[in-house]
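Scroll down for the structure; my scribbles are underneath it.
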Amino acid sequence: MQQQLGVLGMGSSTTLFYIEKLNILYHQKFGGDSTCPFKMLNANFNLFNPYLPNQYEKLVPELHRHLIAMNRLGVDKILIPNITLHQTVDHLPEDFLPKHKIIHPYELAIEKLRSENTKEVLVLGSVHTMKSRYVKEKFKQQGIKLLAPTQNEVIQIDKLRNEVYIGESTRESKLAFEQILYKYHRKQRVLIACTELSLALNKKNSNNFIDLATLQLQKALDIFSENR
């Protein structure tokens, strides 16, 4: 039986980014006139965004409700185009069956870093992510030290993240981000842990960073290889 991919729509720019990349990668993989087949449930992002990153009393029931609806569509894997929301995934009830279907970006990153025997990685994301005890502990439990940029760099990165979110990123902010990447990527692994930063990323910069959105998308495509 053919496996089914589900996409839970979040913010418009990030969701469109994931859909576009899914189609590009699927076409590269299978050729012809291929476009990626998936089932989508589009959420009202305003039900989530005011409570991110960790107001779980609001986030858990709302995410729970949407994932149950998505599960009823008969999907085998679920792609969520928002990195921060996966912190809430880890707070879902243990007996919540669709939980195991979610393509979790942090778990994919840990798996990749461990396969490389990488012991430390610098994280670039939202202010919360770069300072988050949750993210640090998740990696620390697997023997990986999570590093953060300087306070001034944190401010510059979050400025670009906010600009991308509203669709008004400036050349100045993009250049500052490029310079931060260039500073760090030569000496250590860098983790891009924010979909807005994935949108701004110039993939020609380096092969020394790990983009969590790309890891999610590649994992999502695996189910189509299994279908053939």
**Request:** Output yes when E116 and K112 qualify as a salt bridge under the 4.0 Å nitrogen-oxygen rule, no when they do not.
**Result:**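 Here E116 pairs with K112 in a salt bridge, since their nearest N and O are under 4.0 Å apart.
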**Request:** Please determine if K183 and E153 form a salt bridge, counting it only when a charged side-chain N lies under 4.0 Å from a carboxylate O.
**Result:**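 Yes, this pair counts.
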Holding to salt bridge (Lys or Arg N to Asp or Glu O under 4.0 Å), I want the full list of residues that pass it with [X], two or more places apart in sequence or in another chain.
X    : result
K101 : none
K99  : E94
K159 : E163
K131 : none

**Request:** Classify the angle between the aromatic ring planes of H104 and Y106 as parallel (below 30°), tilted (30 to 60°) or perpendicular (above 60°).
**Result:**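 Taking Y106 first and then H104, their aromatic rings sit tilted (interplane angle of 30° to 60°).
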Mind checking side chain to side chain contact (heavy atoms under 4.5 Å, CB included) for [X] and listing every partner two or more places apart, or none if nothing turns up?
X    : answer
N46  : N44, P50
E168 : I166
P37  : Y26, F224

Taking distance alone, no hydrogens or angles, what donor-acceptor pairs closer than 3.5 Å link side-chain atoms of residues 134-142 to residues at least two apart or in another chain?
residue	atom	partner	partner atom	Å
Y134	OH	D90	OD2	2.5
K138	NZ	D90	OD2	3.0
Q142	OE1	R114	NH1	2.7

**Request:** Check ring-ring contact (aromatic ring centres under 6.0 Å, His included) between H91 and all other residues, then give those that pass, not counting sequence neighbours.
**Result:**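 H91 satisfies ring-ring contact (aromatic ring centres under 6.0 Å, His included) with Y56 only.
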**Message:** F48: which residues meet the ring-ring contact (aromatic ring centres under 6.0 Å, His included) condition with it, sequence neighbours left out?
**Reply:**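 Expected list: H66.
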**Message:** The criterion is side chain to side chain donor-acceptor pair (under 3.5 Å); which residues satisfy it with E107, sequence neighbours excluded?
**Reply:**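 Counting only residues at least two positions away or on another chain, E107 forms no side chain to side chain donor-acceptor pair (under 3.5 Å).
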**Request:** Check for a donor-acceptor pair, side chain of T14 on one end and backbone N or O of G11 on the other, with a separation under 3.5 Å.
**Result:**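 Looks like yes, one N/O pair under 3.5 Å.
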**Request:** For Q216 and I80, indicate whether the former's side chain and the latter's backbone hold a donor-acceptor pair under 3.5 Å.
**Result:**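 It does hold such a pair.
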**Request:** Report yes or no: is the cationic atom of R161 (NZ for Lys, CZ for Arg) closer than 6.0 Å to the six-membered ring centre of Y165, at no more than 45° off its axis?
**Result:**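 No, R161 does not sit over the ring of Y165.
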**Request:** Going by the side-chain contact (heavy atoms from CB on, under 4.5 Å) test, name the single residue among N42, T84, L85 that passes it with M10.
**Result:**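 Between M10 and the candidates, side-chain contact (heavy atoms from CB on, under 4.5 Å) is satisfied uniquely by L85.
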**Item:** The single option from S126, P53, P105 passing side-chain contact (heavy atoms from CB on, under 4.5 Å) against I83
**Value:**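 It is P105, the one option of S126, P53, P105 that forms the side-chain contact (heavy atoms from CB on, under 4.5 Å) with I83.
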Just by distance, no angles: are the side chains of [X] and [Y] close enough, under 3.5 Å, to form a donor-acceptor pair?
X    : Y    : answer
E172 : T170 : no
D211 : S198 : yes
S132 : T129 : no

**Pairwise salt bridge (charged side-chain N to carboxylate O under 4.0 Å, His left out) hits with a residue in residues 51-66, at least two apart** =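 For residues 51-66, and leaving out neighbouring residues, the salt bridge (charged side-chain N to carboxylate O under 4.0 Å, His left out) pairs sorted by first residue read E62-R65.
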**Request:** State the CG-CG distance between L73 and N71, to the nearest 0.5 angstrom.
**Result:**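 Taking CG in L73 and CG in N71, the distance rounds to 8.5 Å.
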**Asked** Given the rule that I, L, V, M, F, W and Y join up when any side-chain heavy atoms are under 4.5 Å apart, are V121 and V154 in one cluster?
**Response**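 Yes.
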**Prompt:** Using the benzene-type ring in the case of Trp, are the ring centres of F30 and H27 under 6.0 Å apart?
**Reply:**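 No, they do not, as the ring centres are separated by 6.0 Å or more.
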